[in-house]
2 protein chains.
Amino acid sequence: MERSLLKHFIKSRGLRQSSQRDRVVETFLSQKGHTSAEELLIQVRKKDKRVGLTTVYRTLKLLTESGLAVERKFNRQVSTFEPARIGQHHDHLICLGCGKIMEFENKNIETLQEEVARKHTFFITHHVLELYGTCLDCSKKGAKKPKKK
Amino acid sequence: MERSLLKHFIKSRGLRQSSQRDRVVETFLSQKGHTSAEELLIQVRKKDKRVGLTTVYRTLKLLTESGLAVERKFNRQVSTFEPARIGQHHDHLICLGCGKIMEFENKNIETLQEEVARKHTFFITHHVLELYGTCLDCSKKGAKKPKKK
DNA sequence: CATTATAATGAAAATGATTTTCATTTTCAT
DNA sequence: ATGAAAATGAAAATCATTTTCATTATAATG
């Protein structure tokens, strides 16, 4: 469990522990898929009513900085966060019809990206690759109302 | 000149012409690189003081919908827009040190993207590929203050 | 265990980019 | 020339996120 990673991060920064933050972290790590601050707050409040949105934002920032969460924007205004699996990285297919998000990983693409960078004498720290379009279901049903989430 | 494309778009939508919009379009199309609404307003106002920010936003939306502009978010809050060169598409290397943006085009990556989509029975309409990192200059100088723009 | 410096909290206010509203002006088909 | 509807811009609204600030909680130390 990479929980100790956060503990270490907290310590090394001279931060203190708190029950609210623990609850947010615990809830976040149990989450599947991509979660916004607002959505996470709803989940957290099922366990503890006294947690505020500000703390959720602050904790998500902490998780992101410590490498336990990855922030993603996709095509909307809100940031969503996803528990990071160490050493792993994936990109996304995003259906504009229903909002469905699928993951993929492609080493060949990454190799080509490195090649591009090398040509420009550029050093990649991270990348964003998002493929937008229509999933199978939506292409069958025809374009329907996009799902809000 | 693809100006006629917009004229056609305006007409087909039952819109009317206006000097403000013409000025915004003209200024935008003469722009190199990526321009935000705010930046574009400054340029436009050099020619015509009476243009408002709202009109710039509205015109940029129109340009984007008609395919004459491409909107990009990169890693910041503000949207920037870039004149679209028809039939062409490119992706970007973004230096986190100085903010420099370089373009690249790589057909092999696009082919692999299509392959990924096929495997998921997904139909790509567009994609976002951004490589973040450090450019040559910045890697020599060491990490300096990031350029705001 | 008591003290105390300071981190954490959450409500409310601030922010910043963008959009909406609305009263007024302009355009253009007739 | 006329009138219906589009365009405008200032101001207000929106919306996600951040900051402020008074209060509370934590933990290192005496």
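- Dashed line: the shortest gap from a side-chain N or O of A:R16 to OP1 or OP2 of D:dA25 is not under 4.0 Å.
- One can place NZ of A:K11 at 15 Å from P of D:dT26, the figure rounded to the nearest angstrom.
- Residues A:Q17 and A:D22 bring a donor and an acceptor atom of their side chains to less than 3.5 Å of each other.
- Toward the 5′ end of DNA chain C lies the nearest nucleotide of A:L15, the other residue of the pair A:L15 and A:R45 mapping further downstream.
- Under the 4.0 Å criterion applied to side-chain N and carboxylate O atoms, B:E130 and A:K73 are not assigned as salt-bridge partners.
- Look at CZ on A:R76: it is 10 Å from P on D:dT17, rounded to the nearest Å.
- Side chain of B:T59 to main chain of B:R21: no donor-acceptor pair is present (N/O by atom type, distance under 3.5 Å, no hydrogens or angles).
- Taking atom CZ on B:R13 and atom C1' on D:dA5, their separation rounds to 16 Å, with Å as the unit.
- Close to D:dT26, at under 4.0 Å from its OP1 or OP2, lies no side-chain N or O of A:S18.
- With respect to the salt-bridge test (charged N to carboxylate O, under 4.0 angstrom), the residues B:E26 and B:K47 do not qualify.
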Inset, instruction - For side chain to side chain contact (heavy atoms under 4.5 Å, CB included), just list the numbers for B:E110 and B:N106, CA-CA rounded to whole Å, side-chain angles, deciding distance to a tenth of an Å, and then say yes or no. - result: CA-CA 7 Å; B:E110 314 232 336; B:N106 190 302; 5.9 Å; no

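- Defined by atom type and a distance below 3.5 Å, a donor-acceptor pair is missing between the side-chain atoms of B:H89 and B:H126.
- At a threshold of 4.5 Å between side-chain heavy atoms, the hydrophobic network of Ile, Leu, Val, Met, Phe, Trp and Tyr places A:L41 and A:L63 in one connected group.
- Across the protein-nucleic acid pair, A:L6 atom CG and C:dA8 atom P stand 11 Å apart, rounded to whole Å.
- For A:Q20, no side-chain nitrogen or oxygen approaches OP1 or OP2 of C:dA8 to under 4.0 Å.
- With respect to B:E103 and B:R85, a salt bridge is recorded, a charged nitrogen being found less than 4.0 Å from a carboxylate O.
- Summarising the geometry, the separation between CG on A:D48 and P on C:dA8 is reported as 17 Å, rounded to the nearest angstrom.
- One can place CG of A:D22 at 15 Å from C1' of D:dA27, the figure rounded to the nearest angstrom.
- In this structure, the CZ atom of A:R23 is 19 Å from the P atom of C:dA8, given to the nearest Å.
- B:I94 places a side-chain heavy atom less than 4.5 Å from the side chain of B:Y132.
- Taking atom CZ of residue B:R21 and atom C1' of nucleotide C:dT25, one finds them 15 Å apart after rounding to whole Å.
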Inset, instruction - Quick one: the dot-bracket string of DNA chain C, using Watson-Crick and G-U wobble pairs with both distances under 3.5 Å, [ ] for crossing pairs and | for bases paired to another strand. - result: ||||||||||||||||||||||||||||||

Below 3.5 Å between N/O atoms, which protein atoms pair up with nucleotides 17-21 of chain C? Just atom names and distances, please.
{"unit_1": "C:dT18", "atom_1": "OP1", "unit_2": "B:S79", "atom_2": "N", "d": "2.7"}
{"unit_1": "C:dT18", "atom_1": "OP1", "unit_2": "B:S79", "atom_2": "OG", "d": "3.4"}
{"unit_1": "C:dT18", "atom_1": "OP2", "unit_2": "B:Y57", "atom_2": "OH", "d": "2.5"}
{"unit_1": "C:dT18", "atom_1": "O5'", "unit_2": "B:Y57", "atom_2": "OH", "d": "3.3"}

